[in-house]
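Each remark here refers to the structure printed beneath this line.
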Protein chains: 2
Amino acid sequence: MSNSGKHHQSGCPVAFGIDTFGDRWTLLVIRDMLLHGKTTYGDFLGSDEQIATNILADRLKHLEAEGIVEKDRDSDNRRSYIYTLTDKGFALAPVIFEIIRWSGNYIPFNKARKELLRKIEIDPEGFMKELKTAGKT
Amino acid sequence: MSNSGKHHQSGCPVAFGIDTFGDRWTLLVIRDMLLHGKTTYGDFLGSDEQIATNILADRLKHLEAEGIVEKDRDSDNRRSYIYTLTDKGFALAPVIFEIIRWSGNYIPFNKARKELLRKIEIDPEGFMKELKTAGKT
DNA sequence: CTGGATCCCAATAGATACTG
DNA sequence: CAGTATCTATTGGGATCCAG
């Protein structure tokens, strides 16, 4: 299931990489582990991008099958699982970092600000309230 | 058409990168320009991975819209187009290189050999014939 | 409760045939 | 040569169900 039939099998290392982690979700999960210290199914579900449960389960399964992620029982929680990156998974850090570097140069610089302005327009009072309570967390 | 509805809009640079070039074909086209000096629609179609014509057209259009690729008329050929990377496109080279580096460490080293062995098993005579005529191109 | 599996169906990607 | 049209396959969202 899932991503069979998508493999290029051309022998090209770029194609191999894409076949392994080149879908729209996999790298985000890896990012969560690498950059945000997320380790559980619930953690991943909580990310901003709102991955669906079936997609997440599928991707985790594949990452495990590929040896990029390891799944163990939480020794404390006993009914929870902990996902961690293997060396092979951790070795993707430079790829992620180069993507971040590239985006840093080319992401629309005012996207966040635009969001903010939209918020202000729609609900100025709510925004002001948010502003006042910000930084107290 | 194409990749609308897939954008994460989370503000995360990784998600931004994925939204821009994170599908299964875009990076391969960029690889062709970057590493193999390909410049025309026909060039891209000829790659090992066999991209479909509509996909290629779509991806080129998007790459152009994103300012990653530039499309100009071939000054010689006049009814042919030349696609070249912009600076923004060229700036993806480190991403590609890190993917190659990662794959270099983790790609199944014997994939090509396995293919070969399979061929030999299925059609030994055909294989021998291929072997004899190889290197004459 | 956490970590999934499953089903439905909408939307997207992709292969193939054909066209300006 | 450089695409478009059409039709099929796959992915993905969301709800719900299920097991430990």
Side-chain angles (χ1 to χ4, degrees), chain A residues 1-10 15 18-29 32-33 37-65 69-84, chain B residues 1-10 15 18-29 32-33 38-66 69-84:
Chain A
M1 58 181 74
S2 83
N3 58 359
S4 53
K6 84 176 199 185
H7 292 71
H8 298 298
Q9 302 290 42
S10 62
I18 291 173
D19 286 347
T20 309
F21 54 80
D23 71 286
R24 252 168 31 286
W25 295 106
T26 298
L27 271 186
L28 294 179
V29 173
D32 280 347
M33 308 183 76
K38 301 193 175 180
T39 56
T40 70
Y41 190 87
D43 285 347
F44 302 130
L45 277 184
S47 287
D48 284 348
E49 290 89 4
Q50 294 283 44
I51 189 170
T53 62
N54 55 345
I55 308 293
L56 177 57
D58 178 81
R59 296 308 186 271
L60 284 172
K61 198 184 300 178
H62 277 95
L63 285 171
E64 204 191 344
V69 150
E70 232 179 36
K71 176 183 185 178
D72 301 291
R73 285 208 170 271
D74 187 339
S75 48
D76 300 331
N77 210 339
R78 262 320 150 84
R79 61 181 152 189
S80 186
Y81 293 97
I82 297 270
Y83 295 91
T84 52
Chain B
M1 60 183 69
S2 82
N3 55 359
S4 53
K6 87 175 198 184
H7 292 70
H8 298 298
Q9 302 290 42
S10 62
I18 290 173
D19 286 347
T20 309
F21 54 79
D23 70 287
R24 258 180 13 290
W25 293 106
T26 299
L27 271 186
L28 293 178
V29 172
D32 280 348
M33 307 183 79
K38 302 194 174 180
T39 56
T40 70
Y41 191 88
D43 284 346
F44 301 131
L45 276 185
S47 287
D48 284 348
E49 291 89 4
Q50 295 283 45
I51 189 171
T53 62
N54 56 341
I55 308 294
L56 177 57
D58 177 83
R59 297 308 186 272
L60 285 173
K61 197 183 299 177
H62 277 93
L63 285 171
E64 204 190 344
E66 294 284 346
V69 149
E70 231 179 36
K71 177 184 185 178
D72 301 290
R73 286 207 167 270
D74 187 339
S75 49
D76 300 332
N77 210 338
R78 261 321 147 86
R79 62 178 153 192
S80 186
Y81 294 97
I82 296 270
Y83 295 92
T84 52

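Only heavy atoms go into these numbers, but all of them, side chains included; no hydrogens, no water, no symmetry mates.
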Whichever of A/Gln50 and A/Arg73 has its nearest DNA chain D nucleotide further upstream toward 5': A/Gln50

Given [options], which nucleotide is nearest the side-chain atoms of [X]?
{"X": "A/Ser80", "options": "D/dA2, C/dG3, C/dA13", "answer": "C/dG3"}
{"X": "B/Ile55", "options": "D/dA2, C/dA5, C/dG14", "answer": "C/dG14"}
{"X": "A/Lys61", "options": "D/dG13, D/dA5, C/dA5", "answer": "C/dA5"}
{"X": "B/Asn54", "options": "C/dC1, C/dT6, C/dA15", "answer": "C/dA15"}

B/Lys38 and B/Ser47: side chain donor to acceptor below 3.5 Å: yes

No-H, no-angle donor-acceptor pair, B/Thr53 side chain to D/dT4 base, under 3.5 Å: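 Indeed there is one.
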
Donor-acceptor pair under 3.5 Å, A/Tyr81 side chain vs C/dG3 base: no

Roughly, in whole Å, what's the span from [atom1] in [X] to [atom2] in [N]?
{"X": "B/Ile51", "N": "D/dA2", "atom1": "CD1", "atom2": "P", "answer": "14 Å"}
{"X": "B/Arg59", "N": "C/dG14", "atom1": "CZ", "atom2": "C1'", "answer": "9 Å"}
{"X": "B/Ile18", "N": "D/dG12", "atom1": "CD1", "atom2": "P", "answer": "12 Å"}
{"X": "B/Leu60", "N": "D/dC1", "atom1": "CG", "atom2": "C1'", "answer": "13 Å"}
{"X": "A/Leu45", "N": "D/dG14", "atom1": "CG", "atom2": "C1'", "answer": "12 Å"}

Sugar-phosphate only, base, or nothing, as touched by A/Phe44 at under 4.0 Å among non-hydrogen atoms: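 Nothing: the residue A/Phe44, judged by heavy atoms under 4.0 Å, touches no strand.
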
Sugar-phosphate, base or nothing in reach of A/Ala57, heavy atoms under 4.0 Å: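 Sugar-phosphate: the residue A/Ala57, judged by heavy atoms under 4.0 Å, touches backbone atoms but no base.
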
Side chain A/Asp23, main chain A/Thr26, donor-acceptor under 3.5 Å: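 Yes: the side chain of A/Asp23 pairs with the backbone of A/Thr26.
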
Stepwise side-chain contact (heavy atoms from CB on, under 4.5 Å) check, B/Asp32 with B/Asp43: CA-CA 8 Å; B/Asp32 280 348; B/Asp43 284 346; over 6 Å; no

A/Tyr81 six-ring face occupied by A/Lys71 cation (under 6.0 Å, within 45°):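 The answer is yes; both the distance and angle limits are met.
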
